[in-house]
Amino acid sequence: MSGRELYQHGDYCPTRNIGWCTIHGILIFGTHIMFNIKHSLELLVSAAIAEATGLSNCNANVIYSSRPEFGDYQANGIMAIAKQLKSNPRELAVRVVSALQSNDLIADAQVAGPGFINLFLNDATLATAATRFAHGEQNLLGAVDHPQRIVVDYSGPNLAKEMHVGHLRGTIIGDSIVRVLEAVGHDVIRQNHVGDWGTQFGMLIAHMESLGENSTKVHTQLADLETFYREAKSRFDLEPGFADLARSYVVKLQGGDRDCLSAWQKFIDESLGHCEDIYELLGVTLSKDDLRPESFYNNELADIVNALREANMLTASEGAQCVFLEEFKGKEGTPLPAIVQKSDGGYLYATTDLAALRYRGKNLAAERVLYVVDARQSLHFQQVFAIARKAGFVPGACSLEHIAYGTMMGEDGKPFKTRSGDTVKLKELLDESVRRAHDIVSAKSPELSPEHREQISNVVGIAAVKYADLSKNRTSDYVFDWSTMLSFEGNTAPYMLYAYARIKSILRRQGEGVHPERSEVRITAVEERNLIIKILQFPEVVDVVASECYPNYLCAYLYELAGIFMRFYEACPVLKAESDLRASRVTLVSLTAATLKQGLGLLGLETLEQM
RNA sequence: GGGGGUAUAGCUCAGAUGGAUAGAGCAACGGCCUUCUAAGCCGUAGGUCUCAGGUUCGAAUCCUGAUACCCUCACCA
């Protein structure tokens, strides 16, 4: 049972324009609350079910109709309720329909099939709602009924190396989720849990130190982090003295040695600079303020282990400090440990995550914590969540969710690598996409200036990579393929950006003739009606993305919106229409533009006025 | 071996709480530019939703089993 309080009988009060039902004094289909046709229908139908059966809390099960003749929405809940009551579903559906309170949202409700109720929306209400949006009397996205403080952990690259394609998904999926949550009114705290601590840094600092103290030189050396890491690793493996030096640096680092710390800091700053360049290029909203690196929790780790010991959750096993939980079994059903302290006294990933979770629960007062992390870490997070709950590190009501995503594969179905088997640097991937976009832009629009073409290909190239990822269900692995991604057809960023550019072109050409903020939207063709309904459904999909964290729902919606607009564009002349009709259509075009721009914005994509 | 995941058109992918005739794009074939950007629109063709059972008025979706592939299971993150 989510959020919203249920209908209480007899609470309706009509309002002047479109709005209607008040539930516990809250205007649902009105101005305050997120405008949401589906919720309104659910409330209306469940009220009618209550009226017809005396049952409260019934799920009307309202969904989009699969075919036009079945209406705009359909209520499928009747069959289940009839079964529960051992009554005839069709008869019940008829009684529910006649129990529907008169309202101006539903124009017609028809019983069909075994007990479906097909709902047809009122054209005048749709037109009025669209007009109100255009006039700015109602926001496309309003505030959620219960704003939450939500911590979102995403991106989290390892600073020892350069960002590679493996970091793309978490970074952009997380960024989109964060934008959506904020848009619906939640209080979002971003956390970039970067890896800046661990044994590998001893090796890197040792290598850096040996190259000299000169800071400009360091900057140059670290320009290619990947090569730098490889060199350090190779020396670590081959030079006997170097490995010892590296290990001694680790010890000194952990002991708080000032020189070592300052060298480490130098390295971290350089590496962070690389990340920031990527974030800038990707248009990701993470900033320095969102950094909570692993080292941030260094001083908490001993206390985490102590707290677990005091809670009697700790077991020594093979020299390590472990937490064994009933629900986790390892090989041959033996208990599976989560190790929080190594036999040499060192701490691990799980320890840091427990500290982070306690910080988020206690210090940040999170009500919901989202971990946008690779699906392969699922077991790790299940363990960490279970331990944190049992140890009381987070409030019981706090929701902990692993927002898992799959792996990016190459065309061979194996994890995406270069031909030589190396990981692909994110920077190189993005540069190549922009380069390919540039070739296409130059071929399609040779009349544009070189600067303009460059600007377009920058936006299109980045958007293509992001959209190709965001448009897929995050839980599954997917095949990265230049040809499908940059074919610029179908459900792709270029298609969406092109639709937007066409829209803007109309609005430019119409000049000062029409003022959408004072014009009336009318429905004179089915393409107009379809477009209006789709626009009004924007809040519904955003709502689902905010709760389920699947950005591909939003992509699918925007693709459909763009498609419906294209059909409107083909069928309904805008600038050639006369007077009121022209004003109405220009207004619709303007609303479509606003919705597309906002939707793409929630995905973290820029738009182009022209392409 | 335990646990988790995936299997949908030739290819790449959608299919939220079980709903009516399973959807897109690419590739193939055929239409539409002297009219608001053809990076577009319309149409044709393409499916035993891995297999076998089960639950249900109704299953790609839920349950059981099988097969294939992937991930994961003690001191990496």
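Every chain is numbered from 1, with letters handed out A, B, ... down the list of sequences.
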Novice: Please output the side-chain donor-acceptor pairs of residues 74-94 of chain A that fall under 3.5 Å, not counting sequence neighbours, one pair per line with the distance.
Specialist:
from, atom 1, to, atom 2, distance (Å)
A/N88, OD1, A/R90, N, 2.8
A/N88, OD1, A/E91, N, 3.1
A/R90, NH1, A/G113, O, 2.6

Novice: Is A/F70 stacked on the base of B/rA20 when the test is centres under 5.5 angstrom and planes under 30 degrees?
Specialist: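 According to the criterion (under 5.5 Å, under 30°), yes, A/F70 stacks.
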Novice: Suppose you measure atom C1' in B/rU8 against the same atom in B/rG23; what distance do you get, rounded to whole Å?
Specialist: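 Roughly 10 Å separates the two C1' atoms.
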Novice: Are the charged groups of A/D237 and A/K233 less than 4.0 angstrom apart, N to O?
Specialist: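 Yes, this pair counts.
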Novice: Looking only at atom P, what distance separates B/rU50 and B/rC11, rounded to whole Å?
Specialist: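 Here B/rU50 and B/rC11 have their P atoms 14 Å from each other.
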Novice: Just name whichever nucleotide pairs with B/rU6, Watson-Crick or G-U, keeping both distances under 3.5 Å, else none.
Specialist: B/rA68
Novice: My understanding is that a pair needs two contacts under 3.5 Å, Watson-Crick or G-U wobble. By that rule, which nucleotide pairs with B/rC36?
Specialist: none
Novice: For the C1' atoms, the ones on B/rA28 and on B/rC69, what distance do you get once it is rounded to whole angstrom?
Specialist: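 Going atom to atom, C1' in each nucleotide, I get 30 Å.
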Novice: If we take the P atom in both B/rG40 and B/rG65, what is their distance in whole Å?
Specialist: 47 Å
Novice: Report the base-pairing partner of B/rU44 (Watson-Crick or G-U wobble, both distances below 3.5 angstrom), or none.
Specialist: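 Base partner found: B/rA28.
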Novice: Quick one, give me the B/S/- string for nucleotides 67-77 of chain B, reading 5' to 3', where B means a protein heavy atom under 4.0 Å from the base and S means that only happens at the primed atoms, P, OP1 or OP2.
Specialist: ----SSBBBSB
Novice: Return the set of residues passing salt bridge (Lys or Arg N to Asp or Glu O under 4.0 Å) with A/K38 (not counting sequence neighbours), or none when no residue passes.
Specialist: none
Novice: Which heavy atom of A/A386 sits nearest a heavy atom of A/L325, and at what distance?
Specialist: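 Residues A/A386 and A/L325, closest heavy atoms: CB-CD1, 3.5 Å.
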Novice: On the nucleotide B/rG15, are OP1 or OP2 found under 4.0 Å from the side-chain N or O atoms that A/N473 carries?
Specialist: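 For B/rG15, OP1/OP2 do have a side-chain N/O of A/N473 under 4.0 Å.
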Novice: Tabulate protein N/O versus nucleotide N/O from nucleotides 42-47 of chain B, keeping only pairs under 3.5 Å, one per line.
Specialist:
from, atom 1, to, atom 2, distance (Å)
B/rC42, OP1, A/R567, NE, 2.8

Novice: Where the side chain of A/S584 meets the backbone of A/V521, is there a donor-acceptor pair that is under 3.5 Å apart?
Specialist: no
Novice: Using only heavy-atom distances, decide whether a donor-acceptor pair under 3.5 angstrom links the side-chain of A/E560 to the base of B/rA24.
Specialist: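 Flag unset: no donor-acceptor pair detected.
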Novice: In terms of the angle between their ring planes, are A/H380 and A/Y349 parallel, tilted or perpendicular, with boundaries placed at 30° and 60°?
Specialist: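 Rings of A/H380 and A/Y349: parallel, as their planes differ by under 30°.
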Novice: Under 30°, 30 to 60°, or over 60°: which ring-plane class applies to A/W197 and A/W264, parallel, tilted or perpendicular?
Specialist: perpendicular
Novice: Grab the N/O contacts between the protein and nucleotides 54-61 of chain B below 3.5 Å, and write none if there aren't any.
Specialist:
from, atom 1, to, atom 2, distance (Å)
B/rU56, O3', A/K83, NZ, 3.1

Novice: Counting only Watson-Crick pairs (N1-N3 plus N6-O4 or O6-N4) and G-U wobbles (N1-O2, O6-N3), all under 3.5 Å, who is the partner of B/rC62?
Specialist: B/rG54
Novice: State, to 0.1 Å, how close A/R508 and A/Q610 come at their nearest heavy-atom pair, and which atoms those are.
Specialist: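 Heavy atoms of A/R508 and A/Q610 come nearest at NH2-CG, 3.8 Å.
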Novice: Look only at the side chain of A/D108 and the backbone of A/F120, and say whether a donor-acceptor pair between them is shorter than 3.5 Å.
Specialist: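 Pair absent, no side-chain N/O of A/D108 close to backbone of A/F120.
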Novice: Donor-acceptor pair, A/E528 side chain versus A/A525 backbone, under 3.5 Å?
Specialist: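 A pair under 3.5 Å: yes.
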Novice: With the threshold set at 4.0 Å, does a side-chain nitrogen-carboxylate oxygen contact exist between A/E527 and A/R567?
Specialist: no
Novice: What about A/N118: does its side chain form a donor-acceptor pair under 3.5 Å with the base of B/rA20?
Specialist: yes
Novice: For B/rG58 and B/rG18, measure between their P atoms and round to the nearest Å.
Specialist: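 16 Å, rounded to whole Å.
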Novice: What do you reckon, do A/F116 and the base of B/rA20 stack, with centroid distance below 5.5 Å and planes below 30°?
Specialist: yes
Novice: Which value, in whole Å, describes the distance between the C1' atoms of nucleotides B/rA45 and B/rU37?
Specialist: 31 Å
Novice: Identify each donor-acceptor pair in which a side-chain atom of residues 156-166 of chain A lies under 3.5 Å from a protein atom, sequence neighbours left out, and give them as a table.
Specialist:
from, atom 1, to, atom 2, distance (Å)
A/N158, OD1, A/A160, N, 3.0
A/E162, OE1, A/L225, N, 3.3
A/H164, ND1, A/G166, N, 3.0

